[in-house]
Protein chains: 2
Amino acid sequence: MWMAELSARSGCSVPTIKYYLREGLLPAGEATGATRAAYDDTHVRRLRLIRALTEIAGLRLETVRQVLHGIDHAESWHEAVGSAHTRLGASPGDDTPPTQASLARVDGMLARQRWELAPGHPQAVQLARALDALDGVGHPVSDRLLDLYAAAMRPVAAHEVLSVLEIADTDVEASVEAAVVGTLLQEPLLLGIRRIAQENVSRGLAEESAET
Amino acid sequence: MWMAELSARSGCSVPTIKYYLREGLLPAGEATGATRAAYDDTHVRRLRLIRALTEIAGLRLETVRQVLHGIDHAESWHEAVGSAHTRLGASPGDDTPPTQASLARVDGMLARQRWELAPGHPQAVQLARALDALDGVGHPVSDRLLDLYAAAMRPVAAHEVLSVLEIADTDVEASVEAAVVGTLLQEPLLLGIRRIAQENVSRGLAEESAET
DNA sequence: GACATTGGATAGTTGTGCTGTCCAATATTG
DNA sequence: CAATATTGGACAGCACAACTATCCAATGTC
C-alpha cells in the first residue's frame, strides 16, 4: 500500500507519518522507485502502537522510540520487558539520587518478598525516589502498604508473564510486543480498577456510618 | 514569611511561585501592605504538593488546579476522592465514546465483583476506552485478567481507604488531602512494584527453563 | 503527454510550563 | 530621613514537544 492508504488505515495524517519516519519511530517502506515506497500491515500496526503508547501510556516520543528499539532488537521477551522497564524508570533530566533510607526500605521489601534485584537497579532506584517524594509532601507510606502492594501484584505479575509465555512458543516477536504492550498499556486498566475499588469501599463505609 | 523564604523553603524559584499565583494554583498570601504579602506553612506544603502532582503523578497544571480545587472545596473525604477521580478520568480533548461491547465488559466485571457504579460513570467509561485501545493495537485483554486485577485491588483499596479514615476522625481537611495524594502519588509505587514482580517471575522462569 | 501523488526538505504553529525584565511602591537599615 | 533592597504586578520572551504546512522535483498513472 502507498502512503495515502497507510494514512487512512492507521488514522494518522500523512504529515504525521512523515514526521514519525523522520524521527525513526516508523521503519521506512520498501522503496519501489525514487519517489515511491510500499508499506504493509506491520506499518499499520506500528503506527497504532505508537499512538497507543503516547495517548494511553502517556509516553513521550523519545521514550516510545527507545521502547520500540527494545522491541525490535530484543533477543528474548524477558529481555524486552527488562529493557522497556529500564527506559521507563526515570523521567528524562531527573537524576536526583534517592536517599539511603528509602533505598534500604525498598531492599527490605524485596527481602521480605524474597525477590531479587541487582543493587542499583533502575526500578529499585525509581521506587526509592517515589518514597522520598511521598515523604516530601508529608504523606509517608508504611512498610505495611509496600508489602500489601507487593502481595497484590505477585499473582497479577505471574498471570501476565505466563500469558505472554504462551505466545512465546509460537511467535517470539509477537510475544516481545505483547510483553511491552501488556506492561505499559494495561497500567490504566489496573489503576482504573483500583479507583473503582476505592470508591466502592468508600461508599460502602459512608453508607454504613450513615446507618448508625 | 516573605516570598524569598517561601522560595527557599519550597525549592521553587520566585518567578515560578509568581506564575502559580497567577494561575490560581497557590492562594495569595496575606497582604500586609501594597507591596508585601505574608506566606505560611500551608503555602510551602501546597507548593510541594503541586510539584509532586506534576513531577510524580505527571499531571498537567490545569488538572492540578482542578484537583486542588477539589481538595479545598470538598465536604468529605470520599467526595474529594470522587472529584479527583473524575478529573483524572479523561485526558482533555479526548471525548471518544467507548464501544458498547467494552462498556458491557466493564459492567460484567463490576457485577462479578458485586461493585456498583452509576451507569455512565466516568471511571467506567474510561476503563471501557482503555479496553478499546488495547483491542485497537491487537492485544485484547481477557475477562479473566480484569477479574484478577479486581481481586488484587480489592484488599489494596480497602487498606488505603481505611488508613485515610483513621485520619478523618481528627482532621477532615488533612484526610481529604491524604486521600487524593494517596490515590495519585502512590500510583508509581504500585506500578513500580508490579514491574519488579514481573521481572522476578520472568527471571525465575528463565532460569527454570535454562536448567532443563 | 497531462495530471496527480510521493518522498524529502524545511519552515511554521500550537500548547505548556516556566523565566526574565521592568517598574513603582514600599520596607528596612543606617 | 535618605539610601538601599525587596516585593508585587504586568508583560514579554523562551525552550521544548509534537505536530502541521508548504514547496518542489521526480515519478507514476491514465
Side-chain angles (χ1 to χ4, degrees), chain A residues 1-40 43 46-68 87-88 91-94, chain B residues 1-40 43 46-68 87 90-94:
Chain A
M1 80 186 77
W2 309 126
M3 174 66 83
E5 190 180 348
L6 177 62
S7 168
R9 285 225 262 158
S10 67
C12 302
S13 71
V14 171
T16 299
I17 295 175
K18 285 184 171 186
Y19 172 65
Y20 290 161
L21 285 168
R22 277 202 304 283
E23 295 296 311
L25 291 167
L26 186 70
E30 191 187 354
T32 64
T35 65
R36 208 141 275 218
Y39 304 92
D40 56 31
H43 294 89
R46 177 55 59 97
L47 279 174
R48 286 210 253 256
L49 183 56
I50 294 172
R51 298 327 301 258
L53 288 175
T54 54
E55 292 174 7
I56 300 178
L59 301 188
R60 305 184 327 163
L61 289 189
E62 174 58 30
T63 312
V64 170
R65 173 165 49 202
Q66 294 172 352
V67 168
L68 292 176
R87 301 297 165 212
L88 296 166
S91 336
D94 193 352
Chain B
M1 82 186 75
W2 310 127
M3 174 67 83
E5 190 180 348
L6 178 61
S7 168
R9 284 225 263 158
S10 66
C12 301
S13 72
V14 171
T16 299
I17 295 175
K18 286 184 172 186
Y19 172 65
Y20 289 161
L21 286 168
R22 276 202 304 284
E23 295 297 312
L25 292 167
L26 187 69
E30 191 187 354
T32 63
T35 67
R36 209 141 274 217
Y39 304 93
D40 56 31
H43 294 89
R46 176 55 58 96
L47 279 173
R48 287 211 252 258
L49 184 56
I50 293 172
R51 298 328 299 261
L53 289 175
T54 54
E55 292 175 7
I56 300 178
L59 301 189
R60 303 184 327 164
L61 289 188
E62 173 58 30
T63 313
V64 171
R65 174 166 48 201
Q66 294 172 352
V67 169
L68 293 176
R87 302 296 166 212
S91 333
D94 193 353

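Remember, predicted model here, so these are calculated numbers, not experimental data. Every chain is numbered from 1 and lettered A, B, ... according to where its sequence line falls, protein lines coming before strand lines. Just the heavy atoms: all of them, side chains too, but no hydrogens, waters or symmetry mates, feed the values below.
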Grab the N/O contacts between the protein and nucleotides 26-30 of chain D below 3.5 Å, and write none if there aren't any.
| residue | atom | partner | partner atom | Å |
| --- | --- | --- | --- | --- |
| D:dT27 | O4' | A:T35 | OG1 | 3.1 |

Taking N or O atoms only and anything under 3.5 Å, show me the protein contacts with nucleotides 18-21 of chain D, one pair per line.
| residue | atom | partner | partner atom | Å |
| --- | --- | --- | --- | --- |
| D:dA18 | OP1 | A:L61 | N | 3.1 |
| D:dA18 | OP2 | A:L61 | N | 3.3 |
| D:dC19 | OP2 | A:Y20 | OH | 3.1 |
| D:dT20 | OP2 | A:T16 | OG1 | 3.2 |
| D:dT20 | O4 | A:R22 | NH2 | 3.3 |

Grab the CG-P distance between B:L47 and C:dG17 for me, whole Å please. 16 Å
Enumerate the salt bridge (charged side-chain N to carboxylate O under 4.0 Å, His left out) contacts for residues 25-35 of chain B, please, sequence neighbours excluded, ordered by first and then second residue. none
Nearest whole angstrom, please: distance from the P of C:dG7 to the CD of A:E30. 13 Å
If I take atom CE in residue B:M3 and atom P in nucleotide C:dA27, what distance separates them, rounded to the nearest angstrom? 15 Å
Interatomic distance where CD belongs to B:E23 and P belongs to D:dG9 [whole Å]: 15 Å
To the nearest Å, give me how far apart NZ (B:K18) and P (D:dT7) are. 9 Å
Quick one: closest heavy-atom pair of B:S7 and B:C12, and the distance? OG-O, 2.7 Å
Are the side chain of A:R65 and the backbone N or O of A:G24 linked by a donor-acceptor pair below 3.5 Å? no
side-chain hydrogen bond (donor to acceptor under 3.5 Å, both in side chains) against B:T16, all qualifying residues, sequence neighbours excluded: B:S13
Euclidean distance, atom CG of residue B:L26 to atom P of D:dG9 [Å, nearest integer]: 12 Å
Please round to the nearest 0.5 Å and tell me the distance separating atom CD1 of B:I17 and atom CG of B:L25. 12.5 Å
Which pair of non-hydrogen atoms, one from A:H43 and one from A:L26, has the smallest distance, and what is that distance? O-CD1, 3.8 Å
Sorted by chain and number, sequence neighbours left out, side-chain hydrogen bond (donor to acceptor under 3.5 Å, both in side chains) with A:E5 holds for none
Roughly how far, to the nearest 0.5 Å, is the CZ atom of A:R46 from the OH atom of A:Y39? 14.0 Å
Expressed as a whole number of angstroms, how long is the span from A:L21:CG to C:dA9:P? 12 Å
Rounded to whole Å, please give me the gap between CD in A:E5 and C1' in C:dT6. 15 Å
B:R36 meets the salt bridge (Lys or Arg N to Asp or Glu O under 4.0 Å) criterion, sequence neighbours left out, with none
Would you mind classifying the nucleic acid contact of B:A31 as base, sugar-phosphate or nothing, using non-hydrogen atoms under 4.0 angstrom? nothing
